[in-house]
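Let me begin by presenting the structure, written as structure tokens, before commenting on it.
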Amino acid sequence: MTTEYVREDADPPLDYPPYRSTALRHPKEPLVYLPHTVTEITGPQLGPARVRGELDSDLTRQHEGEPIGERMTVTGRVLDTEGRPLRGTLVEIWQANSAGRYRHRSDRWPAPLDPNFSGAGRAVTDDDGRYSFTTIKPGPYPWGNHHNAWRPAHIHFSLMGQAFAQRLVTQMYFPGDPLFPFDPIFNSVRDPKARERMIAAFTMDGTQPNWATGYEFDICLRGPEATPFEEAH
Amino acid sequence: MSFHTTPSQTVGPFLSIGLPWPEGEFAVPPDSPGAIRIAMTVSDGAGEPVPDAMIETWQADPEPSETSGFRGFARSGFEAGDGNYEVVTLKPGAVPMPDGRMQAPHVDVSVFARGMLNRCVTRIYFADEDEANASDPVLASVPADRRETLLAQPTDDGYRFDIRLQGPGETVFFAI
């Protein structure tokens with residue numbers, strides 16, 4: 001049984017002034033080291049109970065009509081740092097519509113809502129750790145962080161993993177987005193290589209003729225800390 | 001290690017589209033024997049309520065013999081809108097450290113919100129478990145004058161636990 005998960009530090013700092021809302025929402029006291037005990041190396045097995053059917057993973061068929069926008073598939077594998085697939089784990093996504101508008105009462109950006117798009121999906125990984133969604137490509141949208149601030153198009157991803165220590169919420173971005181240099185949330189991840197791990201890859205293999213463009217997005221959660229014996233290999 | 005982790009990003013302001021669900025805050029049905037309500041608040045560095053957070057809890061079963069069907073997990077944040085959150089669960093049993101020493105009953109907590117680029121992790125301990133708390137190795141690693149921020153206080157139907165993200169009485173958060 002795993003005794004400790006790796007504590008790789010690719011994550012952004014909680015205090016990141018360019019993203020203004022962090023100012024009053026980050027702890028100022030130092031974090032206290034938490035050993036990975038049985039509470040941290042176990043986690044809820046939510047998958048099957050939270051996914052009711054295939055419509056949960058097809059965001060283009062949740063209403064009477066079809067949403068407007070570029071139909072696309074997003075598929076990928078959920079792995080750990082040892083490259084092992086995480087099977088049967090819950091993947092939850094939410095996103096703006098193709099005009100960059102969220103179906104949420106607090107979103108005041110006056111781009112049109114799409115009556116045929118809710119923007120939420122759920123899937124459970126298969127035996128290879130693979131998930132798949134069909135959706136439409138979200139649009140970029142402005143926000144109030146600074147003058148002329150725009151978020152690059154993104155899809156929010158929530159991963160339960162198999163242990164409390166593996167829990168991850170992230171955002172998937174699209175290759176070549178011209179807004180990358182200007183977005184403080186994307187750039188809060190300080191290591192450029194780590195930022196690349198949040199960008200999906202367009203694939204012709206995943207693109208289906210006369211149907212949908214295809215994107216591949218693998219997600220890597222923390223795996224067990226290697227023992228000295230394993231490191232010797 | 002052959003792969004590197006995908007970095008965390010904020011849940012943003014619109015998490016309620018995708019994450020909470022109406023029964024999410026019930027780790028057990030509220031009429032279950034032994035069910036307790038843990039009422040929580042989240043406030044920011046100005047002392048203002050944080051209305052757009054989401055709280056997840058994960059914990060051990062009450063006793064090894066009662067494990068059947070207990071989800072152990074709750075998620076609160078379904079359009080609460082006022083900085084108040086609650087979960088209904090069972091009081092956890094004591095579980096060991098990796099070295100075999102016993103831990104006091106506790107609940108692991110993740111706090112997510114707009115303005116938080118990663119979750120903040122804390123633990124709920126129970127103020128009426130003096131004896132177990134006194135020998136808990138994790139609590140012992142927390143500066144003594146801050147331990148109280150991890151203690152849920154008894155109420156009529158459960159406990160109350162206030163989470164202060166920053167400032168006076170700042171809750172102890174853990175590096176996990």
Side-chain angles (χ1 to χ4, degrees), chain A residues 3 6-8 10-14 16 19 21-29 31-35 37-40 43-44 46 79-83 92-94 102-104 106-107 118-120 156 158 164-165 167-171 185 188-189 194-195 197-198 219-223 226, chain B residues 1-19 21 44-46 48 50 52 56 58-60 71-73 92 95-98 103 106-108 110 112-121 123 137-138 141-143 146 165-167 170-176:
Chain A
T3 52
V6 293
R7 294 172 186 256
E8 192 185 67
D11 292 329
L14 288 164
Y16 189 67
Y19 176 21
S21 299
T22 64
L24 292 171
R25 292 185 170 194
H26 71 271
K28 293 198 167 174
E29 298 286 347
L31 302 184
V32 175
Y33 177 89
L34 184 64
T37 79
V38 65
T39 315
E40 289 73 37
L46 290 183
L79 306 167
D80 70 12
T81 43
E82 297 294 322
E92 296 164 287
I93 66 169
W94 69 104
Y102 286 91
R103 182 172 289 282
H104 190 284
S106 302
D107 187 2
S118 297
H156 295 267
S158 168
F164 182 82
R167 181 85 175 93
L168 176 71
V169 173
T170 188
Q171 299 180 23
I185 293 179
S188 68
V189 175
R195 287 201 288 272
R197 299 199 290 274
M198 302 188 292
I219 299 157
C220 181
L221 307 182
R222 303 198 292 182
Chain B
M1 191 168 74
S2 47
F3 291 80
H4 294 286
T5 53
T6 307
S8 169
Q9 293 273 269
T10 180
V11 288
F14 308 126
L15 67 91
S16 66
I17 293 175
L19 293 181
W21 74 101
D44 69 13
E48 296 294 324
V50 173
D52 50 6
E56 290 180 349
W58 168 247
Q59 62 171 88
R71 192 170 78 199
F73 173 84
V95 294
M97 296 286 286
Q103 303 185 66
H106 62 271
V107 175
D108 272 13
S110 299
F112 303 84
R114 172 182 68 85
M116 297 171 70
L117 286 160
N118 198 352
R119 64 173 168 164
C120 281
V121 170
R123 271 187 170 191
V138 173
S141 73
V142 171
R146 301 189 63 214
L165 296 177
Q166 187 188 88
E170 183 177 303
T171 298
V172 169
F173 295 102
F174 292 98
I176 183 169

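Since we're looking at a predicted model, the values are computed, not measured. Convention: sequence-line order gives letters A, B, ...; per-chain numbering from 1.
- None of V189(A), L168(A), L221(A) except one satisfies the side-chain contact (heavy atoms from CB on, under 4.5 Å) rule with T6(B); the exception is L168(A).
- If you measure heavy-atom distances from S110(B) to chain A, the contacts under 4.5 Å come from both the backbone and the side chain.
- For P35(A), the part lying under 4.5 angstrom from a heavy atom of chain B is the side chain only.
- With a threshold of 4.5 angstrom between heavy atoms, R7(A) approaches chain B through side-chain atoms but not through N, CA, C or O.
- Within the 4.5 angstrom heavy-atom criterion, atoms from both the backbone and the side chain of H26(A) approach chain B.
- Annotation: cation-pi geometry satisfied between R119(B) and F164(A) (NZ/CZ under 6.0 angstrom from ring centroid, within 45° of ring axis).
- The shortest heavy-atom contact between A23(A) and Q166(B) is O-NE2, 2.8 Å.
- The CG atom of L15(B) lies 9.5 Å from the OG atom of S158(A); values are rounded to the nearest 0.5 Å.
- Among all heavy-atom pairs drawn from S8(B) and T170(A), the shortest one is C-OG1, 4.3 Å.
- Residue I185(A) touches chain B through both its backbone and its side chain, counting heavy-atom pairs closer than 4.5 Å.
- Distance CD/Q103(B) to OG1/T39(A): 5.0 Å, rounded to 0.5 Å.
- Proximity to chain A is limited to the side chain of V121(B), based on heavy atoms less than 4.5 angstrom apart.
- Highest contact tally toward chain B, considering only T37(A), L79(A), D80(A), I93(A), is held by T37(A) [criterion: heavy-atom pairs under 4.5 Å].
- Pairing each heavy atom of W94(A) with each of V11(B), the nearest pair is CZ2-O, 3.4 Å.
- Counting heavy-atom pairs closer than 4.5 Å to chain A, the top-ranked of the candidates D44(B), T5(B), L165(B) is T5(B).
- Contact annotation for A46(B): both backbone and side-chain heavy atoms come within less than 4.5 Å of a heavy atom of chain A.
- Considering only residues two or more places apart in sequence or on other chains, F173(B) meets the ring pair (Phe, Tyr, Trp, His ring centres under 6.0 Å) condition with none of them.
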Could you walk me through whether T10(B) and Y19(A) satisfy the side chain to side chain contact (heavy atoms under 4.5 Å, CB included) test, starting with their C-alpha distance in whole Å, then the side-chain angles of each, then the deciding distance to 0.1 Å, before giving a yes or no? CA-CA 10 Å; T10(B) 180; Y19(A) 176 21; 3.7 Å; yes
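- Side-chain atoms of E170(B) come within 3.5 Å of backbone atoms of E29(A) as a donor-acceptor pair (strictly under, hydrogens ignored).
- Between D108(B) and R167(A) there is no salt bridge, since no side-chain N of the basic residue sits under 4.0 Å from a carboxylate O of the acidic one.
- Interface remark: of the candidates P137(B), G115(B), P13(B), G45(B), G115(B) forms the most heavy-atom pairs closer than 4.5 Å to chain A.
- The candidate from R71(B), Q59(B), E56(B) with the greatest count of non-hydrogen atom pairs under 4.5 Å with chain A is E56(B).
- The contact between E40(A) and chain B is made by backbone and side chain atoms together, counting heavy-atom distances below 4.5 Å.
- The most heavy-atom pairs under 4.5 Å with chain B, out of A10(A), C220(A), A120(A), S21(A), come from C220(A).
- Closest of all the heavy-atom pairs between S141(B) and V32(A) is OG-CG1, 3.8 Å.
- Taking every heavy atom of both residues into account, H4(B) and R197(A) meet most closely at CB-CZ, 3.3 Å.
- Note that NE2 of H156(A) and CZ of F14(B) are 8.0 Å apart. Values are rounded to the nearest 0.5 Å.
- Under a 3.5 Å cut-off, the side chain of R25(A) and the backbone N or O of R114(B) do form a donor-acceptor pair.
- Shortest non-hydrogen contact noted between L31(A) and A175(B) is CB-N, 3.7 Å.
- Here D11(A) pairs with N118(B) under the side chain to side chain donor-acceptor pair (under 3.5 Å) rule; sequence neighbours left out.
- Atom CD of E92(A) and atom CG of L19(B) lie 5.0 Å apart (nearest 0.5 Å).
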